[in-house]
Structures are given as C-alpha cells and as structure tokens.
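Before any comments, here is the structure.
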Amino acid sequence: MSPSAQQPLPAQAHAQTLAESVVQSVDWVAIAPPTIAAVVGLAVLVADLFTDDRRKALLGWTSVAGLGAALLALLPLLDGDRATFCLTGSPDVCSYAADRFTLVVQFLVLGGALLTALLSMTALNDEKKTLPAGEFWFLLLSSAAGAALLPASRDLATLVVALEVASLPAFALVGIRLGDRRSSEAALKFFLSSVTATAVSLLGISFVYATTGTLHLTEIADRIQNVDAQLHTLTQAGVVLTLIGFAFKTAAVPFHFWVPDTYVGAPLPVAAYLSVVGKAVGFSGLILITVVALPSYADVWGPALVALAALTMTVGNLGALGQRSTRAYSAVRLLAWSSVGQAGYLLVPIAAAAYADDTDDAQRAIGSTVAYALMYAVVNLGAFAVAALVGRTKTLNRLDDYRGLHASHPLSALLLAFFLLCLAGLPPGVIGLFAKVTVFSAAVDAGLGWLAVVMAVNVVIALFYYLRWTALLFRARADDTEGATVAEGTGASGPHRVPAPLTAALALTGIVGIALSGAPQLVLRFAGIGLF
C-alpha cells in the first residue's frame, strides 16, 4: 500500500475516537418503567385492530396490567442510584438517571396512571359510542411513558422530548369524545396555550444552551457560573423564559386559564389524570431546571417562584370559593380551581430551595414538595373517583347533586368527606395536615414568613369551600322523602351497581389515604430526595 493511501488514517482515527466519545451505554433495567408503558401502549393499539367490540374491555385490562408491570419494574431500582445514556468520555455526564427522586416521581405518575386507567374502564363502558377504546388506551399509556421519562431526564433535550411525549397525547385525550363540541373546544384551548408556552420555554432553553454550550443539567450548573459578563442578560432571559413554559404545565397563575374549561370538557378520568400526573410532570421538570441546572441563578428564579406561589394559591382558592352549587359541572370546576390552589402550595418549597443555606436544606425543601404531591395525588384521585360515580347518574355533576349522597352511597360519601378533609388539612385527614405543615416549615425555614402567612390565609379560604361540599354530603335534599331518598340510589331493578374498576379505584385511594393518615411520617421518609 502506498504512503499516500495511509495518510488519511490519523484523521480516521480521530473521527473514530470522536464517535466513540458520543456512544452512550444503555442500562435496560433503569429505563424499564417508561419502556414497558410505551411498549404496552403500542401493543394495545395494534391489538385494537383485531379485537371486536365485545372484547374491547380486554384492552383496558391489558393497559392496567402494563401499568402494574411498569410499577413493579421500579423494585429492582431501589438498591441504589443508576444512570444510563452516559458519555463514554465522561461517565458522570448522563442523560437518564434512576435516583431516588426519579423513582418517587415515577411511582407517583405510574400509580396515578393506573388509577386513571381503572376510572377510564368504567367511562369507556358507559360511553362506548363517543370514546374509542383502542385510541384512548394508546394515548393514555403513551402519555404515562413520557411522564415517567421526564423525572429521569438529565439533559434539556431529553427533558423537552419527555415533556412533549407526556403532553401531546393529553391534548388528544381531552378532545377524544366524538362529536362533543365542549370537548373539542377544551382540547383546542389546551393545545394552543400549551404550544405557546412550549415555544417560549424552547426559546429560553436555546438561550441557556447558547451561553453554556451544553445540554446536560450538571454541566449547565457548572458552566453557567462562569458565563461571560456580556452574556449575563441573555442567560437571565433564558432562565425566565424557561420558567414560563413549566409554569404553564404546573397551572401556575397567570398561566392557569386553560384549567377549568379543559377539566370540564375532558372525560372525567382524563381530568383526574391532568390534575395529578400532569402536575407531577410540570413540577418534576421545574425542580430539575431550577435546583439541578440553575442553582447559581436562584436570585432570578427564587423571587419569581415566590410571587407565582402566592398568586397561584390565592387565585385558585378564590376561584373555587366562587362556584355556585347549582351551576352545571360545578363539582368538576371546583376540583379544577382547587388544583390551581394546590399548585400554589406545591410551589412554596421549590421557591424556598432558592433561599436555602446549603444543599441539605434545599433537599429537605424539595422533599416537602414531593411529599405534598404524593398526598395530593392519592386524595385528589379519590375525589375524582367519587365524582365519576356520581356522574354516572348525574351527568351535569353539580355540587347540588351531592346533597344527601350518604343516603344512597354511604361509603362513597364517607370517602369523599375524608378526601376533602385531607385536601383541607383537617383531621381525620391527618396526611393533609401533615403535608401542609411540611410546606409551612419549608417557607419559615427559608425566611419566607410572609409567604407562610399568605398560605395560612388561603388554607382558611379553602376550608370554607371544602367544608361546604362536605356538609352537602350529609344534608337532606330539599324535596327529600323516603321514596325520593331511595330513588337516588336505585334504578329500575334495584340499587345501582358500582362497576368493579371504579370500586377498585375507590378502595385503593381510600385504603392508601387512611393508611398514610395513620403513619404520615412514612410519606416524608419515602420522599427523601437525593438530587445533590
């Protein structure tokens, strides 16, 4: 071989070395939870082509089993932190991390998706003509896969992809009712506002990338501290614009306007899914962006989150307080506004992390947010489960439709009362009280006493509408007679039979809520976060 033929070898060797440096390792056990949800979703979509209408319920049970398998896939990851998709030249720089934070949030989103699936089986059976089963299960599992991927994302590209994989199917789920104008309008409003927020956040992410030259969160945290002075303003703009996108996902005021109409227009299980899993997606992304990637810019995002928290809890609780009991869908609207108010409470510890003296204090603050999110997920899904039960016979789902529920469904009335008291933070809902105390402590420890006062005022406001709804459950109807009372819980052939999936959802949320109220310290211990 001539010497000239050998000359390109150094260049080829350099190219080979460069290629090897970007080759990433794959830990299939670490990525199993979102992967299982995605694979089962594809399998259900294909199986729908070969399943006749009489056996569509099998698709639902397959989806429930898939989500259960995804939850079980978390067990092998409890032994220790794992990471994958790491750069060969920098094994500490990874795109996917299965640490304690990831596992807790994945447990929340996959568990929430599982309970949503149980609620959805009843809804699909009741609305066979308007809800296509195969498409519904595919979209739900796809969104759950994206939601499970997001807390594990450790670079901005994976974070954005996971966020959109979780969000795009949710748009379709909101508008999946065939021929329903209200559902289509809700989906369009949700889609347009979300796309705008995503575009703004992508612009912010591009600014951050331009100033740091990397997408990995840990590298951003290191490099952003040494940004050239001329790029400081660009970096600050990138931080603020990125926060706006995630503020929309968390339904923080003033980016909350889509919530009430979207919850009302969506099938009730989808509204429950958005209120819990959608929120978990937004808050986990917000934590990763602020606490992991941008801790040195806490002076920018800290005050912004403090203001958002105060504004969000106030507007949300006032919106819930203003719901009239005779208005159509007022029960769902109250839960929608309540979820906005709860988002304000969830923002408090994240904001407090900006004022923490050290990483341990910041970690405790983030643990408070995750613990509160776990409590909120259980009891809010339980409240939606009872709303789904009432909505089967009272399609307008007004607050007034819950008057005297104890006479027709005594156990459901007791469960809903318990869930509402948990959300209010009153005994016997000890887990709700415990979660609120941890949030108060995070604010006080960070020196945000005035924010704790604002939260206390909002808790009092929330007490009024939660207790008003609770009182309705045990109050006799205005036209109540013995026959009328019985009619509330009976059909032509006797008492209304509660479907097994709906019964399972009620039982699971009730048992978990009661168990956690008996041992509330387990929540904070389980939510111990290891992000640092």
Side-chain angles (χ1 to χ4, degrees), residues 174 182-183 185-186 189-190 193 247-248 250-266 268 270-272 274-276 278-279 307-348 376 379-380 382-384 386-388 390-391 394-405 416-417 419-426 429 432 436 451 453-475 477-478:
V174 170
R182 189 176 63 252
S183 179
E185 180 183 345
K189 182 178 294 187
F190 185 23
S193 53
F248 170 86
T250 58
V253 175
F255 311 103
H256 70 293
F257 50 86
W258 57 275
V259 173
D261 289 343
T262 298
Y263 282 27
V264 169
L268 201 58
V270 176
L274 292 176
S275 73
V276 171
K279 248 183 199 54
L308 283 177
L311 193 59
T312 300
M313 65 177 76
T314 303
V315 172
N317 285 316
L318 290 177
L321 186 64
Q323 296 304 308
R324 300 192 305 272
S325 61
T326 57
R327 182 184 181 185
Y329 309 106
S330 54
V332 180
R333 286 188 178 275
L334 188 147
L335 288 173
W337 283 109
S338 167
S339 74
V340 174
Q342 298 288 341
Y345 304 149
L346 285 162
L347 283 169
V348 170
Y376 169 77
V379 299
N380 206 61
F384 268 103
V386 179
V390 174
K394 305 288 186 180
T395 55
L396 292 181
N397 222 318
R398 301 167 300 182
L399 286 170
D400 206 46
D401 294 333
Y402 293 78
R403 188 186 297 269
L405 183 65
L416 180 56
F419 296 141
L420 293 175
L421 291 175
C422 284
L423 290 171
L426 289 177
K436 281 184 169 56
L451 184 59
V453 172
V454 172
M455 183 178 173
V457 172
N458 275 278
V459 168
V460 174
I461 295 173
L463 285 177
F464 182 81
Y465 62 79
Y466 285 132
L467 291 177
R468 182 176 62 183
W469 191 355
T470 303
L472 280 175
L473 302 175
F474 305 98
R475 186 176 298 167
R477 299 183 65 86

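The shown structure was predicted, so the numbers you read here are calculated from the model rather than taken from an experiment. Count residues from 1 along the sequence.
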*asked:* Apply side-chain contact (heavy atoms from CB on, under 4.5 Å) to residues Arg327 and Gln323 and explain how you reach the verdict.
replied: CA-CA 8 Å; Arg327 182 184 181 185; Gln323 296 304 308; 3.8 Å; yes

So do [Y] and [X] actually touch side chain to side chain, heavy atoms under 4.5 Å?
X	Y	result
Thr312	Thr250	no
Leu335	Tyr263	no
Leu399	Thr326	no
Asp261	Arg333	yes
Leu321	Trp337	no
Val174	Leu274	yes
Phe384	Val276	no
Tyr376	Leu423	yes

Nearest heavy-atom pair of [X] and [Y]: which atoms, and what distance?
X	Y	answer
Pro260	Ala336	CA-CB, 3.9 Å
Arg398	Ser330	CA-OG, 3.4 Å
Val259	Ser339	CG1-OG, 4.1 Å
Leu347	Ala309	CB-CB, 3.7 Å
Ala383	Phe419	N-CD1, 3.6 Å
Pro254	Leu308	CD-CD2, 4.2 Å

_Which residues share a salt bridge (Lys or Arg N to Asp or Glu O under 4.0 Å) with Lys436, sequence neighbours left out_ =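 Testing Lys436 for salt bridge (Lys or Arg N to Asp or Glu O under 4.0 Å), a comparison that skips the adjacent residues, returns none.
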
Return the [atom1] to [atom2] distance between [X] and [Y], rounded to the nearest 0.5 Å.
X	Y	atom1	atom2	result
Phe257	Lys189	CZ	NZ	8.5 Å
Thr470	Phe474	OG1	CZ	7.5 Å
Leu334	Asn397	CG	CG	11.0 Å

_Looking at Arg182, I'd like to know if its CZ atom is crowded, meaning that more than 12 non-hydrogen atoms belonging to other residues, nucleotides or ligands lie closer than 6.0 Å._
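Yes, CZ of Arg182 has more than 12 neighbouring heavy atoms, counting only those of other groups under 6.0 Å.
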
*asked:* Other residues, nucleotides and ligands only: do more than 12 of their heavy atoms fall within 6.0 Å of CZ on Phe464?
replied: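 Atom CZ in Phe464 is not crowded, with 12 or fewer foreign heavy atoms closer than 6.0 Å.
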
*What pairs with Ser275 under side-chain hydrogen bond (donor to acceptor under 3.5 Å, both in side chains), at least two apart in sequence or on another chain?*
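Result, side-chain hydrogen bond (donor to acceptor under 3.5 Å, both in side chains) vs Ser275: Asn380.
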
_Could you work out, with side-chain hydrogen bond (donor to acceptor under 3.5 Å, both in side chains) as the rule, every residue matching Gln342, not counting sequence neighbours?_
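With sequence neighbours excluded, Gln342 shows a side-chain hydrogen bond (donor to acceptor under 3.5 Å, both in side chains) to Tyr372, Tyr466, given in chain and number order.
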
*Can you tell me if Thr314 uses its side chain to pair, donor with acceptor, with the backbone of Leu311 under 3.5 Å?*
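No; judged by distance alone, with no hydrogens or angles, the pair does not exist.
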
*After noting the C-alpha distance and the side-chain angles of Asn458 and Met455, does the key distance pass the side-chain contact (heavy atoms from CB on, under 4.5 Å) rule?*
CA-CA 5 Å; Asn458 275 278; Met455 183 178 173; 5.7 Å; no

_Residue pair Leu467, Leu426: steps toward the side-chain contact (heavy atoms from CB on, under 4.5 Å) verdict_ = CA-CA 10 Å; Leu467 291 177; Leu426 289 177; 3.9 Å; yes

